[in-house]
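Working notes for the structure below.
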Amino acid sequence: MTDAARSGRQEAVSELKRALIVAAARRVFEADGLEGASVRAIAREAGYTAGAIYFHFANKEAIYAQVLEESLDRLVAAVDRAVSIAGDDATRQLSAAALAFFDFYAENPRDLDLGFYLFRGGVRPQGLSRDLDARLNARLTASLAPIGTAARALGADATAATALIADAFAHAAGLLLLEHSGRIRLFASSSRKLMADYIATVIARLVNSKSE
């Protein structure tokens, strides 16, 4: 076996081990949260020693960041796919982007749990580290960016588009909380329909402002 082939094989094995660790960590984090999880528990779930885990990750926060980043990557892909299918019309793009964001978390409640890591332990923000938070926030921002891009195409300025992104995110988060907690039944309504109605109202307002 050549040195290049040996190196490639070792890299493939390392990547496989890393993937197995991340999959095991996701299960542990889903069950115990960031604070309740430990590297030892992740190692046990993955079938490795704690030392093997530290070979790939510096600490449990780095593992959590990897799990969450992979979740956010799937979210970004889902939103981009929906926007691509929507075609060139900005109204359809805005609706597709916002509803794809909502639908991803409606269909994947455990990913929503991962995404709310900043609020574990109450409403006191916690975070991981400055660098990890920046990396993860960049992926979240990328998933919401198509909403702002479509809003700009419909005539919103940069400030208004940014405010709309924040409002759409907050609206989706609130409805998702009601959906996954079962509280939406108190209002005898559909969280998905409420989200769609909200986006339709936003689009109508932008279109009307553009025509004035």
Side-chain angles (χ1 to χ4, degrees), residues 11-12 14-34 36-37 42 45-46 53 56-87 92-120 125-129 131-151 164-181 191-192 195-196 198-199:
E11 184 175 345
S14 178
E15 286 300 314
L16 176 59
K17 287 182 177 179
R18 185 180 175 90
L20 291 172
I21 291 168
V22 171
R26 181 183 173 98
R27 295 191 293 272
V28 173
F29 287 132
E30 286 176 354
D32 302 329
L34 176 59
I42 293 169
E45 180 70 21
I53 303 296
H56 294 278
F57 296 96
N59 48 46
K60 73 172 182 178
E61 286 77 16
I63 307 173
Y64 195 92
Q66 182 64 36
V67 172
L68 180 51
E69 186 168 32
E70 290 184 7
S71 171
L72 291 170
D73 284 344
R74 292 192 296 275
L75 169 63
V76 170
V79 172
D80 287 347
R81 184 164 54 249
V83 172
S84 177
I85 292 173
R92 289 198 299 269
Q93 288 178 350
L94 199 160
S95 180
L99 291 177
F101 181 93
F102 178 87
D103 288 343
F104 178 85
Y105 284 124
E107 296 164 7
N108 301 282
R110 298 289 73 78
D111 287 275
L112 183 63
D113 286 341
L114 289 170
F116 276 125
Y117 78 99
L118 284 175
F119 302 101
R120 291 195 179 278
Q126 294 188 45
L128 299 172
S129 71
D131 290 342
L132 291 177
D133 283 343
R135 195 173 87 198
L136 295 169
N137 285 332
R139 298 310 291 149
L140 177 61
T141 299
S143 74
L144 294 164
I147 296 174
T149 299
L164 193 155
I165 290 172
D167 192 36
F169 175 73
H171 206 88
L175 287 172
L176 287 163
L177 178 61
L178 290 175
E179 175 68 26
H180 291 311
S181 67
S191 58
R192 216 285 182 166
M195 185 68 187
Y198 159 73
I199 293 301

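Worth saying up front: this structure is predicted, and the values here are computed from it rather than measured. Numbers here are sequence positions counted from 1.
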Taking all heavy atoms of Arg135 and all of Ala65, pick out the closest pair and write down the distance. NH2-CB, 4.0 Å
Measure the shortest side-chain to side-chain distance between Arg18 and Gln66 over non-hydrogen atoms and say whether it is less than 4.5 angstrom. yes
Determine, for Arg27 against Glu45, whether the closest basic-nitrogen to carboxylate-oxygen distance falls under 4.0 angstrom. yes
Spacing of CG belonging to Leu68 relative to CZ belonging to Arg26, to within rounding of 0.5 Å: 9.5 Å
One should read off an interatomic distance between Phe29 CZ and Asp113 CG, to the nearest 0.5 angstrom, of 13.5 Å
Using only atom types and a distance under 3.5 Å, with no angle test, would you say the side chain of His180 pairs donor to acceptor with the backbone of Tyr105? yes
Please name the pair of heavy atoms, one in Ala24 and one in Ile42, separated by the smallest distance, quoted to 0.1 Å. CB-O, 4.1 Å
Side chain to side chain contact (heavy atoms under 4.5 Å, CB included) with Pro146: which of Asp80, Leu94, Ile165? Asp80
Taking atom CG of Leu34 and atom CD of Glu61, what is their separation to the nearest 0.5 Å? 5.5 Å
Audit row: Val79, Phe104, side-chain contact (heavy atoms from CB on, under 4.5 Å) steps and yes/no: CA-CA 8 Å; Val79 172; Phe104 178 85; over 6 Å; no
Measure the CG-CG distance between Leu177 and Leu112 for me, rounded to the nearest 0.5 Å. 8.0 Å
Taken to the nearest 0.5 Å, the spacing of Leu136 CG from Tyr64 OH works out to 9.5 Å
So, do Arg139 and Leu75 sit near enough that their side-chain heavy atoms are less than 4.5 Å apart? no
Where do Val83 and Ala97 come nearest, in terms of heavy atoms and distance? CG2-CB, 3.7 Å
Would you mind reporting whether Arg92 and Ile85 have side-chain heavy atoms less than 4.5 Å apart? no
Can you give me the closest heavy-atom contact between Leu175 and Met195, atom names plus distance? CD1-N, 3.6 Å
If you look at every heavy atom in Tyr198 and Ala168, which pair is closest and at what distance? OH-N, 3.4 Å
Quick check: does any side chain N or O of Gln93 sit under 3.5 Å from a backbone N or O of Ile147, one acting as donor and the other as acceptor? no
To the nearest 0.5 Å, atom CG of Leu176 lies from atom CZ of Phe169 at 9.5 Å
Taking the side chain as every heavy atom from C-beta outward, state whether Asp111 and Ser71 have any pair of such atoms under 4.5 Å apart. yes
If every non-hydrogen atom of Ala37 is compared with every non-hydrogen atom of Asp32, which pair is closest and at what distance? N-CB, 3.9 Å
State, yes or no, whether a side-chain contact exists between Val22 and Phe57 at a heavy-atom distance under 4.5 Å. yes
